[in-house]
Amino acid sequence: MSDLRDPVDRSARLLRAARTGETATAAEIWREFADYASADLAAALSDDDARTAFWLNTYNAAVQDDLREDPARYDSRLRFFVSDRVTVAGRRLSLN
């Protein structure tokens with residue numbers, strides 16, 4: 001975990017960036033999340049509160065980013081939730 005920034009803090013920053021339209025900041029944090037090593041992320045999210053905060057912030061930021069970018073994506077709710085949207089620790093994830 002040598003250079004892994006606090007993922008809970010970063011997820012909160014990501015959510016703020018998504019809410020305020022700071023797309024460059026959000027893109028930077030999404031790149032960090034994609035590059036996290038899964039073992040390092042698991043170690044940094046060592047309790048239920050940290051895991052819950054990280055994943056809720058990340059989920060909400062993904063929804064807000066997607067809807068800001070293209071509100072019509074939500075027209076097909078099924079596709080909106082089941083399509084892979086974000087990469088965290090090298091793994092593509094849907095909102096489902």
Side-chain angles (χ1 to χ4, degrees):
M1 238 175 30
S2 57
D3 65 344
L4 180 69
R5 295 181 183 183
D6 175 15
V8 174
D9 179 64
R10 296 305 286 166
S11 69
R13 178 69 183 115
L14 174 64
L15 183 55
R16 280 191 303 277
R19 286 181 176 162
T20 60
E22 298 174 51
T23 55
T25 299
E28 173 190 329
I29 296 171
W30 282 122
R31 283 189 297 275
E32 287 176 24
F33 284 10
D35 291 341
Y36 282 167
S38 56
D40 290 344
L41 181 59
L45 300 175
S46 59
D47 61 45
D48 286 341
D49 289 342
R51 285 186 287 274
T52 299
F54 174 81
W55 288 111
L56 283 175
N57 289 339
T58 301
Y59 176 92
N60 287 323
V63 169
Q64 289 186 19
D65 277 352
D66 278 355
L67 292 178
R68 180 186 306 279
E69 183 179 308
D70 182 9
R73 285 184 181 167
Y74 194 68
D75 290 347
S76 172
R77 286 167 184 80
L78 176 63
R79 192 171 331 137
F80 183 80
F81 288 102
V82 299
S83 298
D84 288 345
R85 292 276 184 236
V86 298
T87 303
V88 177
R91 188 166 181 204
R92 293 286 295 163
L93 302 171
S94 72
L95 298 173
N96 193 17

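All figures in this text were calculated on a predicted structure; none of them were measured in a lab.
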Quiz item: Quick one: CG on D70 to CG on D65, what's the gap to the nearest 0.5 Å?
Solution: 12.5 Å
Exercise. Establish whether V86 and F54 are linked, either directly or via other cluster members, by ILVMFWY side-chain heavy-atom contacts under 4.5 Å.
Key: yes
Self-check item: Nearest heavy atoms of A89 and L41, plus distance in Å
Solution: CB-CD2, 4.3 Å
Self-check item: R73 side, atom CZ; D75 side, atom CG - distance, nearest 0.5 Å
Solution: 12.0 Å
Self-check item: Trace of the salt bridge (charged side-chain N to carboxylate O under 4.0 Å, His left out) decision for E22 with R13
Solution: CA-CA 10 Å; E22 298 174 51; R13 178 69 183 115; 2.7 Å; yes
Quiz item: Are there more than 12 heavy atoms of other residues, nucleotides or ligands under 6.0 Å from atom CZ of R79?
Solution: no
Exercise. Of all the heavy-atom pairs spanning D84 and S94, show the shortest one and how long it is.
Key: OD1-N, 3.8 Å
Quiz item: Around atom CZ of R91, are there more than 12 heavy atoms of other residues, nucleotides or ligands at under 6.0 Å?
Solution: no
Quiz item: Which pair of non-hydrogen atoms, one from S11 and one from V8, has the smallest distance, and what is that distance?
Solution: OG-O, 2.8 Å
Quiz item: Just wondering, do R10 and N57 contact through their side chains at under 4.5 Å, heavy atoms?
Solution: no
Quiz prompt | Cationic tip of R85 above F80 ring, under 6.0 Å, 45° of axis | solution = yes
Exercise. Answer yes or no: is there a donor N or O on one side and an acceptor on the other, between the side chain of R68 and the main chain of R19, under 3.5 Å?
Key: yes
Quiz item: What's the shortest heavy-atom distance between A17 and A26, and which atoms?
Solution: CB-N, 4.0 Å
Quiz item: Parallel, tilted or perpendicular for F81 and Y74, by the 30°/60° rule?
Solution: perpendicular
Quiz item: Any link between L95 and L14 through a network of hydrophobic side chains (Ile, Leu, Val, Met, Phe, Trp, Tyr) touching at under 4.5 Å?
Solution: no
Practice problem: Name the orientation class of the two ring planes belonging to F33 and W30 (parallel below 30°, tilted from 30 to 60°, perpendicular beyond 60°). | Solution: perpendicular
Self-check item: Cluster link I29 to Y36, ILVMFWY, side chain under 4.5 Å
Solution: yes
Exercise. Treating Ile, Leu, Val, Met, Phe, Trp and Tyr as nodes and any side-chain heavy-atom pair under 4.5 angstrom as an edge, say whether L93 and Y59 lie in one connected cluster.
Key: no
